[in-house]
Visitor: 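Sharing a structure, written as structure tokens. Questions coming.
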Amino acid sequence: MDDLGGMRASDAEREAVVEQLRVASVEGRLTLGELTERTEAAYLAVTRAELAVVTSDLPQAGQTPVPAPAYGPAGQQEGRRRRWFVAVMGDSKRRGKWRIDRGLGAVAVMGDVVLDLREAEVRDNVVDIAATAVMGDVKIIVPDGVDVDLEGVAIMGDKKVQVIEAPPGTNVPVVRVKAFALMGDIKVVGDSRAQPVKKSWAAWREQWNELRGELRELRGDFRGDLRELRDDSRDGRYGHGDRWGH
């Protein structure tokens, strides 16, 4: 590890990398799961070398134009036409690779709707979902590490979040769900409570883990050296007789 790569990263540098990841997501280069995983890695990075690995296969900031957000101005988001998934006495499921460039709607009437967002390409930092369950179930699967904002009403039904969310103050994607449940359930669940998604091989992940391992070894060696110095000091102090000099 060279001197520059081994230099400790600052909070500002971590935030810059997180913003670069967000731009890459808007451009369709990262899925929601990949964005969440790399964002977590950026916040955990100790050195500049680790930060560089997180974005090693992405364009550097300023190299490509950033398209306008798919949702448009904030005031127009609510009125934008949603993409609907409806199940009436049946099932509607969306999994795998797909693109989210507008708000989503899920309606389950005596049926089940499953939306798996982990492998979706998300073109904005907020995924807006309107969910209705009438004697049915709506299940939304997200990567652990996103922020979930679930609001709404449940009448003789249930609405709940079972997601390991990011620490407060981190700039991570947000999944916002407005729920209405009548004798039905609306759930937002994370990776730990859903069937795992097979991750494709990624060079950055292997390099990042290798760097983390090297850093742990260096810390271990440093602690070992400190222990040896402490032991040598103790031996030198008391090694020739007892503490009274006899």
Side-chain angles (χ1 to χ4, degrees), residues 25 31-37 39-40 69-72 74-199:
S25 175
T31 66
L32 182 61
E34 291 169 336
L35 172 61
T36 305
E37 181 185 29
T39 298
E40 180 183 11
Y71 276 8
Q76 299 177 8
Q77 291 184 18
E78 289 298 326
R80 186 177 178 87
R81 187 176 176 182
R82 294 181 182 274
R83 181 178 179 181
W84 289 94
F85 299 86
V86 180
V88 180
M89 301 181 67
D91 298 333
S92 177
K93 299 179 181 181
R94 189 65 175 90
R95 303 178 185 272
K97 300 284 187 180
W98 57 304
R99 186 173 67 182
I100 301 176
D101 54 7
R102 53 181 167 170
L104 303 177
V107 178
V109 181
M110 300 178 66
D112 298 320
V113 174
V114 177
L115 300 180
D116 191 338
L117 310 185
R118 292 174 293 178
E119 295 184 276
E121 293 180 3
V122 177
R123 299 306 176 92
D124 193 77
N125 203 43
V126 178
V127 180
D128 180 63
I129 304 174
T132 300
V134 180
M135 300 178 66
D137 297 321
V138 174
K139 183 178 182 181
I140 302 165
I141 306 173
V142 302
D144 285 315
V146 302
D147 278 343
V148 178
D149 180 10
L150 174 62
E151 61 179 25
V153 178
I155 302 172
M156 299 180 66
D158 195 14
K159 60 180 180 69
K160 56 187 175 182
V161 176
Q162 298 174 312
V163 178
I164 302 173
E165 299 190 41
T170 54
N171 183 14
V172 297
V174 177
V175 177
R176 183 174 298 144
V177 182
K178 295 182 179 179
F180 175 76
L182 176 61
M183 301 177 66
D185 295 332
I186 297 175
K187 297 186 294 184
V188 185
V189 302
D191 278 321
S192 56
R193 292 180 175 269
Q195 182 177 354
V197 171
K198 184 178 180 181
K199 294 181 180 179

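Quick note: numbers below take in every heavy atom, side chains included, and nothing from hydrogens, waters or symmetry partners.
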Visitor: Can a donor-acceptor pair be found, under 3.5 Å and without considering hydrogens, that links the side chain of Glu34 to the backbone of Thr31?
Guide: yes

Visitor: Of all the heavy-atom pairs spanning Val107 and Val113, show the shortest one and how long it is.
Guide: O-CG2, 3.4 Å

Visitor: Could you walk me through whether Lys139 and Asp112 pass the salt bridge (Lys or Arg N to Asp or Glu O under 4.0 Å) test, one step at a time?
Guide: CA-CA 8 Å; Lys139 183 178 182 181; Asp112 298 320; over 6 Å; no

Visitor: Counting only heavy atoms not in Gln195, do more than 12 fall under 6.0 Å of its CD?
Guide: no

Visitor: What are the two closest heavy atoms between Val122 and Ser25, and how far apart are they?
Guide: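 Closest heavy-atom pair between Val122 and Ser25: O-OG, 2.9 Å.
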
Visitor: Specify the closest pair of heavy atoms between Ala108 and Val138, including all atoms of both residues, with the distance to one decimal.
Guide: CB-CG2, 3.9 Å

Visitor: Quick one, Ile141 and Arg118 - any side-chain contact, counting heavy atoms below 4.5 Å?
Guide: yes

Visitor: Where do Arg82 and Asp128 land on the salt bridge (Lys or Arg N to Asp or Glu O under 4.0 Å) test, with the steps shown first?
Guide: CA-CA 9 Å; Arg82 294 181 182 274; Asp128 180 63; 2.7 Å; yes

Visitor: Donor-acceptor pair, Asp101 side chain versus Arg123 backbone, under 3.5 Å?
Guide: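 Looks like no, no N/O pair under 3.5 Å.
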
Visitor: Taking C-beta and beyond as the side chain, do Ser192 and Ile164 meet within less than 4.5 Å on heavy atoms?
Guide: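 When only atoms from C-beta onward are counted, Ile164 and Ser192 do touch, with a gap below 4.5 Å.
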
Visitor: Counting only heavy atoms from other residues, nucleotides and ligands, does the tally under 6.0 Å from CD of Glu37 exceed 12?
Guide: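 Yes, because the 6.0 Å sphere around CD of Glu37 holds more than 12 heavy atoms from other groups.
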
Visitor: Going through the checks in order, is the salt bridge (Lys or Arg N to Asp or Glu O under 4.0 Å) test met by Arg176 and Asp149?
Guide: CA-CA 5 Å; Arg176 183 174 298 144; Asp149 180 10; 3.7 Å; yes

Visitor: Which residues pass the side chain to side chain donor-acceptor pair (under 3.5 Å) test with Asp147, sequence neighbours left out?
Guide: none

Visitor: Hey, which of Asp191, Leu115, Val163 is the one that makes side chain to side chain contact (heavy atoms under 4.5 Å, CB included) with Val142?
Guide: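 Answer after filtering Asp191, Leu115, Val163: Val163.
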
Visitor: Quick one: closest heavy-atom pair of Lys159 and Ala179, and the distance?
Guide: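 Scanning both residues, the minimum pair turns out to be CD-CB, 4.3 Å.
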
Visitor: List the steps, then state whether salt bridge (Lys or Arg N to Asp or Glu O under 4.0 Å) holds for Lys187 with Asp185.
Guide: CA-CA 6 Å; Lys187 297 186 294 184; Asp185 295 332; over 6 Å; no

Visitor: With a 4.5 Å heavy-atom cut-off, do Arg95 and Glu119 have their side chains touching?
Guide: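 In short, these two side chains do not touch, never coming nearer than 4.5 Å.
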
